[in-house]
> 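What follows is a single structure, and I will ask about it in a moment.
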Amino acid sequence: MSVNEAANALQQLKQRIAEYDYHYYVLDDPLVSDAEYDGLYRALVQLETAYPALITPDSPSQRVGGQALGAFDSVQHRQAMLSLNNAFADEELEAFDRRVREGLGEAEVIYAVEPKFDGLAITLTYEHGLFVQGATRGDGYTGENVTHNLNTIRAIPARLPLEHPPALLEVRGEVLMLKKDFEKLNQQQAAAGAKLFANPRNAAAGSLRQLDPNITARRPLHFFAYGLGASEGAPEIHSHAAAMHYLADLRFPVSALRAVKQGVAGLRDYYAEIGAKRSQLPFDIDGVVYKVNQFEQQQILGFVSRAPRWAVAHKFPAEEAITVVEDITVQVGRTGAITPVARLKPVFVGGVTVTNATLHNEDELRRKDIHIGDTVVVRRAGDVIPEVVSAKPELRPANARAFVMPTLCPECGSHVVRGQDEAVARCTGGLICPAQRKQAITHFASRRAMDIEGLGEKLVDQLVACNLVQHLDDVYRLSTDQLSGLERMAEKSAQNVVDAIEASKQATLPRFIYALGIRNVGEATAKDLAQHFGSLEALIGADIQALLLVNDVGPVVAEAVYQFFQENHNREVIAAMRALGVQWPDIVKKVQGILQGKTLVLTGTLPTLKRDEAQAMIEAAGGKVSGSVSAKTSYVVAGAEAGSKLEKAQLLNIPILDEAGLLALLQPEEALAVTHGIEAAVVTITPESPSQQPDLF
DNA sequence: GGGCCTCGAGATCA
DNA sequence: CTCGAGGCCC
């Protein structure tokens, strides 16, 4: 056989196998017997062994195994993979539909609907028709490259069945494990004496996080596509339903349960319909998803913070189970908050075993009237934290005891007080309290704060128990001698921790502020404060008035920050840390974007800029892009075929710009710099998250 | 909150 | 072999 003949034969084999795979894995309707399939596959491998040069990445043989990875690479998403807002109650669904109708000015809206798979969201990238990369959702902007594992999933096409595939196509979807495959896998695990997986979702998640694709290849993973991401050279698509149709044509598995519904009544019907079928479905779902069908309408609605306004996940009610409260203990939080926690007889609910559930606070506990020994209903839905719903008083045993909020902190013996209008009781011990001290230290060392690797909970417990760390600055006084000798701390580990502590001395201002653990100051507020004041000195010197000027800082946060720095002790600890070498570069304040506080509306087609490009430029300049024209709109940017929004702008006397006008508005400094020969005084500060466009589908 | 994977290193046993 | 820590997912 000549190389040419071999290449042809291989081509044919690949196509036939892809065809059979499609029928087997996607349509669930096998065309040939397993024996016949295996024969074809063996023939392919034989040919490839004889002509290794002819092996291509889309060959079925490349689906099994491959090299194990050392670690996962991270991948920047071209289009952010955002999460959806949730609706549980009917009122929330109605509110969603109302907002959509008002935003669009329509009496009734057409929605594309589909089940909400309980798996892991991923994105697949096809370049010129070839599957080249797959990644997890991650934080929505950056995910993990799991191409090697996705390669092993037969339901994912290795090549798009198109003669002229688009240069780029991103497919969004969910990896999951079918219920029957999950059962089978767990039987195998049991037979092998291995640990059982708790539920299909976790089995799928675990499989996808394998470094070795050979293991993943033996896990029966499935995939459903539910949307498109970025694309180049793909046909123009105007609705979600059309996108799904396109994906089905490309032989992606898409849910047969998808539908198009009209108005909120249609949504309700669909919810009931799928809810009734839920237990019979071959896979787990945790609700249904509604998306405004027309892309044009989606675009008008836009996004609120991190979620689209044009879609919502309607979740099924949380699964409930019955168990017994064996004890109620209290936890002392970082801020001294005393939280009662129910210790439950372990119960399997919502796919996991629940043993603890927070009871939030005393009032909550009284309202639900939960005693130790009570039989209770617990609830858990997806990522919702387990909760005790109610007690069954009729089943209360004679020896049941009521919970008594301690008057003294169980950790340090300080008084527990509850402010007049406050729901939470607090330990007044402050850092005297070992519980608070431990959490302050753990928080200080955590990844998003000072990022001291190796300084975890167990080690901190020991450090506090031995009194090696009383205040945060003591962390910077730790030596290998002091550390080694502690539990699970031999020389090597001790050295690693000391090295990590040393490395953390090179900090940044926002991280340091966050690490201090000031009440009500989270990561975002810490950034705002750092940005606004530029240096720690300025922040320490700020009075309430000055603090109130910071973005998103209100009276509560201002008071907390002010009080924190009023405390001599806190200033001393900070000074001590700096004396021990903790440092950070001061921040050069960002020049306010030219469009700070302005809201713009885009309409029509601009001559050179794409809509999302224009939006990115406006946002980079501090402006907001809104979908609809109102009195608050600062400018309307109108292109060709601008419609009703332009009319409304004229009506409201809102300034209207064309593309050139927008560009001129965005670059006055540049114009100045050129005409007057001065340097533009713009200092850029590396943004934490890349400015990316949200998912438009 | 709970479950999963991975890694390094300490603990244990032959 | 086991534990602690870190990371990631919902």
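Letters A, B, ... mirror the listed sequences (proteins, then strands); counts begin at 1.
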> Using a heavy-atom cut-off of 4.0 Å across all strands, would you classify Gly351(A) as base, sugar-phosphate, or nothing?
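No contact at all - Gly351(A) keeps every heavy atom at 4.0 Å or more from the nucleic acid.
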
> So does Glu457(A) have more than 12 non-hydrogen atoms from other groups sitting under 6.0 Å from CD?
no

> Under 4.0 Å, heavy atoms only, any strand: does Ser83(A) hit a base, just the sugar-phosphate, or nothing?
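Since no nucleic acid heavy atom lies under 4.0 Å of Ser83(A), the category is nothing.
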
> Distance check needed: dG1(B) P versus Arg343(A) CZ, whole Å only.
10 Å

> Before we go on, tell me: are the rings of Phe224(A) and Phe252(A) under 6.0 Å apart, centre to centre?
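No, ring centres 6.0 Å or more apart.
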
> Does Lys368(A), at its NZ atom, have more than 12 non-hydrogen atoms belonging to other residues, nucleotides or ligands within less than 6.0 Å?
yes

> Distance-only check: which donor-acceptor pairs under 3.5 Å involve side-chain atoms of residues 334-344 of chain A, not counting sequence neighbours?
residue, atom, partner, partner atom, Å
Arg334(A), NH1, Gly517(A), O, 3.3
Thr335(A), OG1, Arg426(A), NH1, 3.0
Arg343(A), NE, Thr329(A), OG1, 2.8
Arg343(A), NH1, Asn356(A), OD1, 3.0
Arg343(A), NH2, Thr329(A), OG1, 2.9

> Walking along DNA chain C from 5' to 3', note the first and the last nucleotide with an atom under 4.0 Å from a heavy atom of chain A, and give both.
dT2(C) to dC10(C)

> Between dC4(B) atom C1' and Phe182(A) atom CZ, what is the distance in whole Å?
12 Å

> Provide, to the nearest angstrom, the distance between the CZ atom belonging to Arg209(A) and the P atom belonging to dC5(B).
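Rounded to whole Å, this separation is 10 Å.
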
> Below 4.0 angstrom, which residues in residues 470-496 of chain A have at least one non-hydrogen atom near DNA chain B?
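Result for residues 470-496 of chain A: Arg488(A), Ala490(A), Lys492(A), Ser493(A), Asn496(A), sorted by number.
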
> Other residues, nucleotides and ligands only: do more than 12 of their heavy atoms fall within 6.0 Å of CZ on Arg448(A)?
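12 or below, so no.
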
> Can you tell me which residue among Val171(A), Leu150(A), Leu169(A) is in a side chain to side chain contact (heavy atoms under 4.5 Å, CB included) with Phe131(A)?
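Only one of Val171(A), Leu150(A), Leu169(A) forms a side chain to side chain contact (heavy atoms under 4.5 Å, CB included) with Phe131(A), namely Leu150(A).
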
> With sequence neighbours excluded, give me every ring-ring contact (aromatic ring centres under 6.0 Å, His included) pair touching residues 434-492 of chain A.
His443(A)-Tyr514(A), His471(A)-His569(A)

> Taking DNA chain B as the partner, which of residues 315-340 of chain A come within under 4.0 angstrom of it by heavy atom?
none

> Using heavy-atom distances to pick each residue's nearest nucleotide on DNA chain B, tell me which of Val354(A) and Leu211(A) is more 5'.
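The 5'-side residue here is Val354(A).
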
> Ser207(A) side chain N/O closer than 4.0 Å to the phosphate oxygens (OP1, OP2) of dC4(B)?
no

> Kindly indicate whether the side chain of Phe316(A), heavy atoms from C-beta on, has any atom under 4.5 Å from the side chain of Phe88(A).
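Side chain of Phe316(A) against side chain of Phe88(A), heavy atoms only: no contact under 4.5 Å found.
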
> What I want to find out is whether Asp473(A) reaches Arg477(A) closely enough, with some N-O distance under 4.0 Å, to be called a salt bridge.
yes

> Please report the closest heavy-atom contact between Pro253(A) and His222(A), naming both atoms and the distance.
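Taking every non-hydrogen atom into account, CB-NE2, 4.3 Å.
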
> Determine the contact category for Ala121(A): base if any of its heavy atoms lies under 4.0 Å from a base atom, sugar-phosphate if only primed atoms, P, OP1 or OP2 are that close, otherwise nothing.
sugar-phosphate

> Considering heavy-atom distances to DNA chain B, does Leu69(A) or Thr353(A) have its closest nucleotide positioned more toward the 5' end?
Thr353(A)

> Please examine the side chains of Val377(A) and Lys392(A), heavy atoms only from C-beta on, and report whether any two atoms are closer than 4.5 Å.
yes

> Ignoring the backbone of Arg380(A), work out which of dC4(B), dC7(B), dG1(B) is nearest its side chain.
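Closest of the options to the side chain of Arg380(A): dG1(B).
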
> Using a heavy-atom cut-off of under 4.0 Å over every strand shown, decide if Gly70(A) touches base, sugar-phosphate, or nothing.
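Counting heavy atoms under 4.0 Å across all strands, the contact made by Gly70(A) is with sugar-phosphate only.
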
> Pick base, sugar-phosphate or nothing for Phe72(A), based on heavy-atom distances below 4.0 Å to the nucleic acid.
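Since no nucleic acid heavy atom lies under 4.0 Å of Phe72(A), the category is nothing.
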
> For Arg137(A) and His77(A), work out which heavy atoms get closest and say how close.
O-NE2, 3.1 Å

> Heavy atoms only, 4.0 Å cut-off, all strands: where does Thr136(A) land among base, sugar-phosphate and nothing?
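Counting heavy atoms under 4.0 Å across all strands, the contact made by Thr136(A) is with sugar-phosphate only.
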
> Which heavy atom in Lys195(A) sits nearest to a heavy atom in Gln189(A), and how many Å separate them?
O-NE2, 2.8 Å

> Of all of residues 361-370 of chain A, which get a heavy atom below 4.0 angstrom from DNA chain B, listed by number?
none

> Output the rounded distance in Å from CG (Leu459(A)) to C1' (dG8(B)).
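The answer, rounded to whole Å, is 15 Å.
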
> Is the distance between the ring centroids of His371(A) and Phe403(A) under 6.0 Å?
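Ring centres of Phe403(A) and His371(A) not closer than 6.0 Å.
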
